[in-house]
Structure formats: C-alpha cells, structure tokens
There are 2 protein chains.
Amino acid sequence: MVEQDRARGTGPGARERRPDRKPTMADIAQHVGVSRALVSIVFRGKEGASEETRRRIFEAAAELGYRPDSLARGLRSNRTRTLGVLFDLRRPFEVELVEHMYPAAEQLGYHLLLGAVTPTRGQEHVVDELLRYRCEGLIVVGPDLDGHRLDAIADEVRLVEVGRAVTRGPVDVVRNDDALGTRQAVEHLVALGHRRITHIDGGPNPGASDRRAGYQRAMTDHGLAGEIRVVPAGYTDEDGAAAGRRLLDGPLPTAVIAANDQAAIGLLDVMLRAGVRVPQDLSVVGYDDSRFAKLPGIDLTSVRQDIPGMADFAIKAVVERLDLPEREPKQIALPPQLVVRGTTAAPHGA
Amino acid sequence: MVEQDRARGTGPGARERRPDRKPTMADIAQHVGVSRALVSIVFRGKEGASEETRRRIFEAAAELGYRPDSLARGLRSNRTRTLGVLFDLRRPFEVELVEHMYPAAEQLGYHLLLGAVTPTRGQEHVVDELLRYRCEGLIVVGPDLDGHRLDAIADEVRLVEVGRAVTRGPVDVVRNDDALGTRQAVEHLVALGHRRITHIDGGPNPGASDRRAGYQRAMTDHGLAGEIRVVPAGYTDEDGAAAGRRLLDGPLPTAVIAANDQAAIGLLDVMLRAGVRVPQDLSVVGYDDSRFAKLPGIDLTSVRQDIPGMADFAIKAVVERLDLPEREPKQIALPPQLVVRGTTAAPHGA
DNA sequence: TCGTGAGACTAGATCGTGTTAGTAGCTCGA
DNA sequence: TCGAGCTACTAACACGATCTAGTCTCACGA
C-alpha cells in the first residue's frame, strides 16, 4: 500500500509517531488502517463511511491529538469560511461591534479574521493582509478609504461597509440612523418643556453631519426653527469643553445635544466647574451611550446605537451574498434608541 | 512544457486570464515566460535570478494584481510567521495591549492573529482555533485556563502569558509589578503627609492580591503598620461604591488606594454625593490609568501599567524562543508608574 | 448465472506555494 | 580538450487537506 508508506518509517520501530510533528489525517488513517480519503469524509460529516469506522476514526483522532489544518483545508477547498473584519482597536464603539459579530458569524458557520487598523497599519495594508488569508468576505468598519479603492476591493471580495452614509457599487452598507438619533433627543427635550436647545456639532467626523441635520429638521418640525443654534466642536473632550466655554459667554440655552459622549463629558465638566447645575440649569444629551455615559458620576442621557443589530446585519449580508452571488446589495440605517439618565430634566422655569 | 500547460487553456484564446480566478505565481510565470520556481525565488528575495528577470516578474505581478497566498505559503513552508494573541475584547486594558503588540511583531517580521474571547467563545475554543491556523507562538493575555491545560498548550506551541503571577513549565511570563504600584501610591501619599491610608481591595481578581500585599508592606515599611486597613471590594463601579458607603459609616481615612480605576470611580461618586470633598477631605488613588482616569471630570491619580513595555516583551519573548529553541523561559514584572492628577493632595490638617 | 445498485472504501489529481536537486550555458585556467 | 565553478534557470516533489472518479463486495431480482 503506497498510501501507508507515505507515513514515515516502514522500517523497524515504525509504530511510534514523531513527537515533533503534528499528526495529520494520514497518521489517523494509518492508525486505523483506512485511507486518508475516508478520514477526510468522516471529518467533514459526509456520508460514505460506516458507523463503526466513524467511531474508530474519532477515537484515533482524540488519541493522537489531531487538529484539522485550516490552511490546507482552505487551500484545497477554496472555501475558507472566513470573514475579514477591518476595524480600529482604539475605538471602543468598533470593538464592541466586532464583539457582537462573533456569535452571528459562528451561527452561520463562519470564522472571523480580525484586521486591526493601528497607527502603524493603514486600512490599505490591513485589507491586503486579510485578502492574503483568502477571506471570502470583508467587513469594513468606519471606512476611510476613498470610493475608488473600495470599488476595487468589492471587485475582489464581497464587501460590507459599516457606518458610511453614501456608497455606490456592489456593496452592502449598514449604518446608524444618525439623524433619527438627534431627532429623538430633540423630542425628548421638547416633551420635557425645553425650547432653547443648542447642538454641539461634531465637525467633519463620521455621522456628525447627519446628526446636525436631524437636529435642525426636528427643531423645525416642532416650530422651533428660530431657536436653532449650532456650536462648532468635534468628538473629543477638549472640543466639548471649548464649546462649553463659548456657551458660557452668552445666555445659556436650557438644553444641549452633543454630537457624541466625549464632547458631552468635556462640556459637562466645564459647566459643573462654572457652577451650572445639571440637569436643573442645563440638560445635556450625549450620543453613543458609551461606557462613559454609564459611569455613576456622569450618568449621561445618551443616544444608543443598535450595535448588536448592526453587527448582525453586517454578517448576514456578507454571508447572503456569498450564498446567492446575484443578490442585490442592501443599504440600511438602523434606528437608535434614546437612553434617559440623570442629565436631562424639565427646564427651570417649567 | 508540462509546467506551462498547467495554466489553463492552451487552446484558442489562451491568452486571457479567467477573471473569476485570482492570479497565481503560475500566471505570472506564464506571462513572463519563465518557470514558476523562478517566480517564487524572486518573491522570496533569494538569489538566483537576474535583475532583468526580477524587474519583469514584479511588473507582471503588478499588472495582473497578484497577491501572495498566505495559506499555501504557510502550508508548504511550515513557517507561517504568525503569532496568535488570545485576549478579551471587552477589557480595554487587553485591547490596548494588543494594539501595542502590532508594531513589535511587525518589526520582527511576524503577523498577529487575533483570537478574541467572548461570552460565546471560551479560551479553550479560541486556542484551538488559533492552533488550527498554525500559529507558531501564542500570547495569552489574562489566562483563565488552569495550569495543566496551559502546560499542554505550551507543549504544542511557544507560549507567553501576560498578567499571570505564578507559573511553571516552559513558558515566558510578563506581568505588571502590582505590588510596586501600590507601594508607589503609598509613598506618594505619605510624602504628601498622609498616615490614615485605606486600601479598597480587589477581591479575587487578577493582580489584586499583589496590590494588597504591596500596600501592606509599604505601610509597614513607613512605620504605619498600625494604620493598615483593608476594605473588601472588587473591580467594578458597584464594588467601589459599596466600599465607599462602608467607609462613610466610620471615621474617614485621609486617603484611599483603590484596587483599580473602576472601583475608585464608584467610590468617588459616593463620596461626592455625601459631600466629601476630593482631594481636600479625602485623597483617592486608582490603578490602571484607564481612559476613565483621564476624563476631565474625574482626573484621577492612578498607577499606570507599562502597557507598551509588556506588549514588547511578550512579542520579543515568543520570537526569541522561536529562533533559539533552547532559550530558557523568562519571567518578568515590569515597574508601573504613578500618574499624579487632581484627586490627591496634602491632608486637611497638614 | 448474470446484471444491477447501493454501501464502503481507495487512488490519484489538485489547491498555490516552497524547496531540493539538478541542467544548460558560459568563462576560466591547466 | 577538459573539468571546475559560476550564474540563471527548471523539473518534480512536498505540504495537508478536498474531491472526482472510480473499485470492491454483497445482496437481490430475473
């Protein structure tokens, strides 16, 4: 049997396996006395092996400490069942998103290959790395790449973008309905009796323009177009603090909606130091419902993005396009939810 | 030439490459008119190819959009140059550690394969997955696995543990010198004039017992053995808040050292609500120097672990053991650094 | 007795690369 | 003229799995 000769050592002492080499299917085959192909059949759960043989093969595998080789499997079968996820480790929002992708992928029988963008590794670099590992699909969280580059990537692999508003080409897109989030914030405040509601703007950051537009439209819809006021800022503590100092120069509004939690926290700090009581003198709403918002000392009313929903959609979208190659790409914006905590209340005069 | 016939289509129209198949070295070889082996030589930068041929091969590769296949490469060469990293996505400390591992690995020519532990994927599961991808080394951050299991893993692959205090077996270990951190905190407070310094304990959590021991020894060394007081708590906001409420029942110390930042923040909140001024009435020190500590509204004095140092050591340790198989495993504890912010000051009476 | 079909199993090609052993062609010195 | 030693290159096997196209055995019906 040529098959069996391959497994090293037909000479004396052939029985023992080399301790420095990891066992392969050939080792199991030899141990059980069947062909390598049959071992493969058993491991893939295909029919064509007797119950008795299945049992013996599994036993031998356990005894030898066999572990299937993903590289060989992927190479031969052209199906790695692997999805690449490109994200930024420094953004807690993205990390949380990734965390929720795991169970979704697992349920559909796919693995996740994480590609972290860091200061030393740009998105371009990470995409390249992921594709070398033969990901079948790619999920790009918060893409920085320009449209042309993304088109080129979509040409090579199924692509899903998370968090980008406008896209063309054969790409699924899932994002938060940012405008709806600030609208919810406005409506919450209006219901409490507020009218003088100011928006702390997020500048050029992702989602910021939609958040601003949502604020403006909601204000207008409630007959408060005359009260619209937007203070330019950004997504950092410092941006929020600077905006807070600017607010203190003039007459205070009764409520502010910040573009995100960080900015809200920076603003909160400035206000508290200036003796402005929150929520009695000023209501504050953040955006993201981050871990910071939940801290006992902060307890910030904030807009929560549907992270599990986005993760789930992203995974299902790639897998669907893998299974049904001609499926049309979908673009979806999931509704966020306002989480009311301690920084909002009825205005003083109400 | 048998070699060239393998590249599909020797019949009419053979020139065009199939758009649905990714180009391989064989395609480049055919395009340039050399053997596949030579293409491999050029890509690996080995000698044995003329400058002219090198140039033509690189040109063809660029033109065809060739991308080396990591699976095939790893399979054949038995060198994946990949290090598996097992960590918990929900722990910002570990995420930050991983972030710093990237440049260290890159510099040594290794890739990182991230294996995230989540509620649905235990450490055992993740280790298995990483080994299937033929990682050459494994870095386990905050291992939960018992010693026997880790020994078994160390038998299959080079292993480095991050953050575990005691281990045996052929394993490198890098951790923070937790005891030194609390000692630094004690010395900072003593220098400010404090004597009644209480420790908010971390319970059974990783590092907590060392932090407690460091506190106790440092107090004793400064002749304050009689002032030692330990309040049982944990690593969460709630633990810290509960400890704070207990403290309020008796006479307050002038300073507390919490086992981590979260607990410190929970405690801070309780104190501020109770009208205790920080740092005038009570100094508070945290541990970890997390993002929370840096928030403007919190501004917590805290002990910073040397995250870049730990990441660097972990990567270098695995790679060294890969290059020099007989190198003795090292165990190291890196010194932390106290970051003084706004929650510590001289005690009231001083 | 023979053909047929199903069940259990195997041989050999194959995925894309790395690697070893070799060959063709050239120059050079004896 | 020969062999040695170089450079530039090629053929063929290997890695560990999957997959196609079989083979062998046995039972069954005609």
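Below, read A as the first sequence line, B as the second, and so on, with proteins coming before strands; counting in each chain starts at 1.
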So which protein N/O to nucleotides 19-27 of chain D N/O distances come out below 3.5 Å?
| from | atom 1 | to | atom 2 | distance (Å) |
| --- | --- | --- | --- | --- |
| D/dC19 | OP2 | A/R44 | NH1 | 2.8 |

Starting from [atom2] on [N], measure out to [atom1] on [X] and report it in whole angstrom.
{"X": "B/I28", "N": "C/dT17", "atom1": "CD1", "atom2": "C1'", "value": "12 Å"}
{"X": "B/L71", "N": "D/dA14", "atom1": "CG", "atom2": "P", "value": "22 Å"}
{"X": "B/L75", "N": "D/dC15", "atom1": "CG", "atom2": "P", "value": "9 Å"}
{"X": "A/K22", "N": "D/dC15", "atom1": "NZ", "atom2": "C1'", "value": "13 Å"}
{"X": "B/D27", "N": "C/dC15", "atom1": "CG", "atom2": "C1'", "value": "13 Å"}
{"X": "B/N78", "N": "C/dT19", "atom1": "CG", "atom2": "P", "value": "9 Å"}
{"X": "B/R134", "N": "D/dC15", "atom1": "CZ", "atom2": "P", "value": "10 Å"}
{"X": "A/R73", "N": "D/dG16", "atom1": "CZ", "atom2": "C1'", "value": "11 Å"}

What donor-acceptor contacts under 3.5 angstrom involve side-chain atoms of residues 52-62 of chain A, with partners at least two apart or in another chain?
| from | atom 1 | to | atom 2 | distance (Å) |
| --- | --- | --- | --- | --- |
| A/E52 | OE1 | A/R55 | NH2 | 3.2 |
| A/E52 | OE2 | A/R55 | NH2 | 3.2 |
| A/T53 | OG1 | A/S50 | OG | 2.8 |
| A/R54 | NH1 | A/A49 | O | 2.9 |
| A/R54 | NH2 | A/K46 | O | 2.5 |
| A/R55 | NH1 | A/E59 | OE2 | 2.7 |
| A/R56 | NH2 | A/V32 | O | 2.8 |

Take the C1' atoms of the five end pairs on each side of the helix from C/dT1-D/dA30 to C/dA30-D/dT1, derive the two axes, and give their angle rounded to 10 degrees.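 Roughly 70°, once rounded to the nearest ten degrees.
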
Approximate separation, where rounding is to 0.5 Å, of [X] [atom1] and [Y] [atom2]:
{"X": "B/K316", "Y": "B/M101", "atom1": "NZ", "atom2": "CE", "value": "13.0 Å"}
{"X": "A/I28", "Y": "A/R36", "atom1": "CD1", "atom2": "CZ", "value": "12.0 Å"}
{"X": "B/T80", "Y": "A/Y133", "atom1": "OG1", "atom2": "OH", "value": "6.5 Å"}

Show me the donor-acceptor pairs within less than 3.5 Å that the side chains of residues 115-127 of chain B make with the rest of the protein, sequence neighbours left out.
| from | atom 1 | to | atom 2 | distance (Å) |
| --- | --- | --- | --- | --- |
| B/T118 | OG1 | B/T120 | N | 3.3 |
| B/T118 | OG1 | B/T120 | OG1 | 3.1 |
| B/T118 | OG1 | B/R121 | N | 3.4 |
| B/R121 | NE | B/A116 | O | 3.1 |
| B/R121 | NH1 | B/E129 | OE1 | 3.2 |
| B/R121 | NH2 | B/A116 | O | 3.0 |
| B/Q123 | OE1 | B/D144 | N | 3.2 |
| B/Q123 | NE2 | B/G142 | O | 3.3 |
| B/E124 | OE1 | B/R149 | NE | 3.2 |
| B/E124 | OE2 | B/R149 | NE | 2.1 |
| B/E124 | OE2 | B/R149 | NH2 | 2.9 |

If you compare every side-chain N and O of [X] against the phosphate oxygens of [N] (OP1, OP2), does one of them come in below 4.0 Å?
{"X": "A/T53", "N": "C/dA8", "value": "no"}
{"X": "B/S35", "N": "D/dT10", "value": "yes"}
{"X": "A/Y133", "N": "C/dG16", "value": "no"}

Which residues pass the side chain to side chain donor-acceptor pair (under 3.5 Å) test with B/R67, not counting sequence neighbours?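 Side chain to side chain donor-acceptor pair (under 3.5 Å) check on B/R67 returns A/D128, A/E156.
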
Return the nearest nucleotide to the side chain of A/S50; candidates are C/dA8, D/dA8, C/dG16.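 So the nucleotide nearest the side chain must be C/dA8.
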
Base, sugar-phosphate alone, or nothing: which one does A/R132 contact when heavy atoms must sit under 4.0 Å apart?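 No contact.
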
Step-by-step side chain to side chain contact (heavy atoms under 4.5 Å, CB included) determination, A/T24 to A/D69: CA-CA 8 Å; A/T24 71; A/D69 185 317; over 6 Å; no

I'd like to know if the side chain of A/E161 reaches the main chain of A/V140, judged simply by a donor and an acceptor atom lying under 3.5 Å from each other, with no hydrogens or angles considered.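 Here the side-chain-to-backbone pair does not exist.
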
What residues form a salt bridge (charged side-chain N to carboxylate O under 4.0 Å, His left out) with B/E96, not counting sequence neighbours?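 Result, salt bridge (charged side-chain N to carboxylate O under 4.0 Å, His left out) vs B/E96: none returned.
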
